[in-house]
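Scroll down for the structure; my scribbles are underneath it.
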Amino acid sequence: MEVPTKPSSCISKWQCSSTKSKIVQNFNPICQAVQKLTLKGKFVITLNQKKSIPGKFISVQIYSGTEVDPNTGKGWLSEKAYFKECGSKKHHHDEVDDTQIKIKTYKIKLHVDANFGIPRAFVIQNKNSKKFYLLSASIETCTNRIIHFDCNSWIYPIKKTKFDRLFFSNRCYVPSQTPRALLELRNEELDQLRGDGMGERKEWDRIYDYDYYNVLGDPDKGSEHFRPVLGGSRLYPYPRRVRTGRKSSSTNFDIYVPSDEMFTPNKLKELKSNSIQAIVQLLPSKTESLHQQSSRNVESFEEILNMLSSNRNQTIEGWIRDNLKKLVPNEDLKEITHAIKENQMHVPIPQNIHENEWAWSDDMEFGRQMLAGTHPVRIQCLMTYPPQNKYGVQSSIKQSTIEQMLEGWTLPQALEQGRIFMLDHHDYLMPYLNRINANGVCAYASRTLLFLRSDGMLKPLTIELSLPGSSLALEIHRIFLPSKQGTQAALWQLAKAHVLANDTFYHLLVSHWLYTHAVVEPFILATKRRLSVMHPIHKILNPHFKDTMHINALTRHTLINSGGILEKILFPGETCMQITCDHYKDWKFIEQGLPSDLLKRGMAVESLDENNPNGIQLLMLDYPYAIDGLEIWAAIKSWVNDFCSFFYKDNDSIVADVELQAWWSEIRSIGHGDKHNDTWWYQMTTLSNLVEAITTLIWIASARHAVINHQKHSHNDNSPTLCRKFVPVEGTVEFGEFLKDPDKFFMKMLPDRFETSLGLALVDLLSKNAYDEMYLLRCQPSHGWIDNEIVQNRFAEFKEELKEIQIRILQRNKDPKLKNRRVPAKIDHNILYPKMPSSGSRRWNHGKRSVL
């Protein structure tokens, strides 16, 4: 516990210093003279309007963190001080020319009694009519010590919130060590954040409560927009989301997230700009109506490249303008019109395609993408042969079919040596295919087998496409083999397109949405509800949760809702979210860390080497995601271990932490309530379990998310989101059509022009990074992010470790033997660089909390 500073010693230091003038003698004719000390404060805010906020409307009161007011049981509270302007500056984002933020600094000065103690909290009140974003604050004490406050929060007018906003300093305390002056404030703040579970949430609320996914449907639009509630049932288990108290059929974009989870002003502006760019990209050219454009197929791959070109001459026809007026505000419509007139906005051509537009069709690139492409987390080592589903239905791939392609190995030998791999999109799709294929798309379940060559690359062996039979125990299989020319080569390309459509769905809605967004939201809610901002675990986790809840809310509103974008462009359509429920049934938090994930997929085996920090040995020497990722994982875990060990000296201190125990209990029993009976959950009783849990959360939110979401521009593999035709069967009319013009048949099988444009625009929108992105090297917002020099020094060591990892990644990228690190377009595999690109450079490696 912090030892209160003796007032006399503080005064003596001030009296003998050059700052003696800061002591104010307050002579009272009745009482004896009382010595006063002057405290100075600086408050840094971001303005989201052109005019500054008059300081007279903003007041601050400071709480002592060491001396208790006997009348309140809380720290002494100073009188009010009002903002005075101190200076301003503008920050430009290097990738968005017209995006700038105005950062303004205000100062305060107030007098406190000599026995006030050390400031550890303050309350701020906004009597202006506009909100503002408070970045940080600092208070200078009587000994010239600076007390730092990382705020990063919207401050709403008091007439709306009815409460002053409380902030604590960057000093961390576990509950039992909280100074008495702060204890009641700590508990009151948590009570307010939890709310009462009642009422409709307003924009300015800071209430974190749980709810089911009961907002995805919109039955008011018709029965076809009915969607089941996700969460709270055995049939549709799901992680919880933040409660809004709003109707599920709301059609406006006035979504709710707690105000502390909202985007910063600059990110809001950038999101608007990026969204406008996406809208512009979807508008038709002046020579073609929207109806004509959206109803026809893409005729050639060159047409897709033209969609990405900046040379399109576009105008807005009157009827399109009228429709846009219904969708966007007038000022946004003006920006869209200006953007089209100036012809400045376009979706950039992915770097891979820019360098080699046909690289995506190469078989070895098809295999390499599974190790180092946009989705390197699904590939698995095949342990037994043949593959079979849970009903015992075996794959129809014959041993003799693939054994001739194993470069001298027998199949048993290759299996024993871990050389047969599989991209599996079979079992989870089979129960849904009849329903999916009744809606105008043509989908298969797929298994793709690959062989690990001696040069470390994966060679495709065969693709099995399956459809349901007359019962669950019967399936209809088709087998396709690689070929370089002729009819078989064309059929092989069609089969690969179906595999890629499967993988695109899994990538977007399972690996990305479910496993890095939806499952994390309950952890965020529990962290805000049960761990004070002064709690060390809150302190280390909070930067990695940045923007997640706001992104999730937007996703629910526009992407995964009934009739939303993902239902329109992904082949499962209205069954998309139900399929993710099935995957959540199998989700285990203890398998989400990288070593555990690699073991589960058979990509590694356990290692007994005491010098191996991760305890596993990879089967591949050239698996970039795993090789680079394991170094990042080990660095994170070492940092987390040292951080936790500083605050918890033994296991008993973990058990005794009431906030920590309530946090973990709520995650299990409410946030992931549909899995509360599962026995695999860590018991939060040991330091090792705490370290593993925190490391896993940071890994999911940083490195894993960066790989899954933020290399689309550089490594786009031209994956379709759905297919409009089945692979034709010999002897049918469609097969004759295919033989007449295989390339034309291939293009007709792909999504139509509107769906393709929508998918390209969505990828571009999701892949953009804002100026205030969070990176591992900057995952704490300021130098004074924690008021502890030992912890700060260890964090500095962690950053140095990441820089050393970057050097080793660069060295591996230059190794000609590691072929999976260089695509045919000769682009380095650099998604896990722990370094930010230099100012002004094109950031191919995008990342919300990326490892750049």
Side-chain angles (χ1 to χ4, degrees), residues 39-63 74-75 77-91 101-110 112 119-139 147-170 185 188-193 195 199-208 254-269 528 533 542 549-550 772 781-782:
L39 298 179
K40 292 182 177 181
K42 287 187 178 180
F43 297 79
V44 183
I45 72 172
T46 299
L47 298 175
N48 64 334
Q49 61 264 351
K50 295 181 180 179
K51 294 184 179 180
S52 299
I53 296 176
K56 64 182 180 180
F57 293 122
I58 313 299
S59 65
V60 173
Q61 290 178 278
I62 297 175
Y63 274 106
K74 304 173 184 177
L77 181 63
S78 75
E79 295 181 350
K80 288 185 178 181
Y82 291 87
F83 274 12
K84 292 184 179 180
E85 292 192 26
C86 185
S88 64
K89 58 183 178 179
K90 294 180 180 179
H91 280 195
I101 59 174
K102 188 175 183 181
I103 296 178
K104 198 159 191 71
T105 301
Y106 291 84
K107 61 183 180 181
I108 65 166
K109 181 187 290 186
L110 50 78
V112 297
R120 285 296 176 197
F122 70 85
V123 289
I124 186 169
Q125 185 181 102
N126 177 11
K127 285 191 174 181
N128 192 40
S129 60
K130 302 290 186 180
K131 66 182 180 180
F132 63 89
Y133 192 81
L134 182 60
L135 286 169
S136 64
S138 60
I139 297 172
I147 307 296
H148 293 282
F149 299 76
D150 286 325
C151 304
N152 298 300
S153 181
W154 290 95
I155 309 300
Y156 281 84
I158 186 68
K159 66 179 182 180
K160 292 184 176 180
T161 63
K162 311 302 181 185
F163 296 101
D164 293 347
R165 181 72 165 84
L166 174 67
F167 290 94
F168 293 101
S169 75
N170 292 351
L185 290 173
E188 287 178 356
E189 174 80 352
L190 286 174
D191 286 341
Q192 288 183 6
L193 292 172
E200 180 179 324
R201 299 288 175 254
K202 305 300 182 183
E203 176 190 345
W204 50 86
D205 285 338
R206 293 174 61 241
I207 298 177
Y208 297 80
D254 183 24
I255 61 174
Y256 169 79
V257 291
S259 58
D260 283 359
E261 309 305 321
M262 292 177 62
F263 292 155
T264 63
N266 193 72
K267 187 142 190 171
L268 285 170
K269 185 173 183 179
K528 298 306 176 77
V533 293
N542 194 54
M549 286 183 64
H550 201 158
D772 62 348
S782 70

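Just so we're clear, the structure is a prediction, and the values are computed from it rather than from any experiment. Throughout, residue positions are numbered sequentially from 1 according to the sequence presented.
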Open item on the list: More than 12 heavy atoms of other residues, nucleotides or ligands under 6.0 Å from NZ of Lys74: yes or no?
Closed with: yes

Any donor-acceptor pair under 3.5 Å from [X] side chain to [Y] backbone:
{"X": "Trp204", "Y": "Lys160", "result": "yes"}
{"X": "Ser78", "Y": "Ile62", "result": "yes"}
{"X": "Glu261", "Y": "His550", "result": "no"}
{"X": "Asn126", "Y": "Ile155", "result": "yes"}

Rounded to the nearest 0.5 Å, how far does [atom2] of [Y] lie from [atom1] of [X]?
{"X": "Ser169", "Y": "Asp150", "atom1": "OG", "atom2": "CG", "value": "10.0 Å"}
{"X": "Met549", "Y": "Lys528", "atom1": "CE", "atom2": "NZ", "value": "7.5 Å"}
{"X": "Leu135", "Y": "Thr46", "atom1": "CG", "atom2": "OG1", "value": "3.5 Å"}

So, do [X] and [Y] sit near enough that their side-chain heavy atoms are less than 4.5 Å apart?
{"X": "Asp164", "Y": "Ile124", "result": "no"}
{"X": "Met262", "Y": "Tyr133", "result": "no"}
{"X": "Phe167", "Y": "Val533", "result": "no"}
{"X": "Arg165", "Y": "Asp260", "result": "yes"}
{"X": "Lys107", "Y": "Lys40", "result": "no"}
{"X": "Ile58", "Y": "Tyr82", "result": "no"}
{"X": "Leu134", "Y": "Phe149", "result": "no"}
{"X": "Lys202", "Y": "Asp205", "result": "yes"}

Task: Under 3.5 Å side-chain donor-acceptor pair for Tyr256 and Glu200 - done: no

Task: Step-by-step side-chain contact (heavy atoms from CB on, under 4.5 Å) determination, Arg201 to Ile207 - done: CA-CA 8 Å; Arg201 299 288 175 254; Ile207 298 177; 3.5 Å; yes

TODO: Please find out if less than 6.0 Å separates the ring center of Tyr106 from that of Phe132.
DONE: no

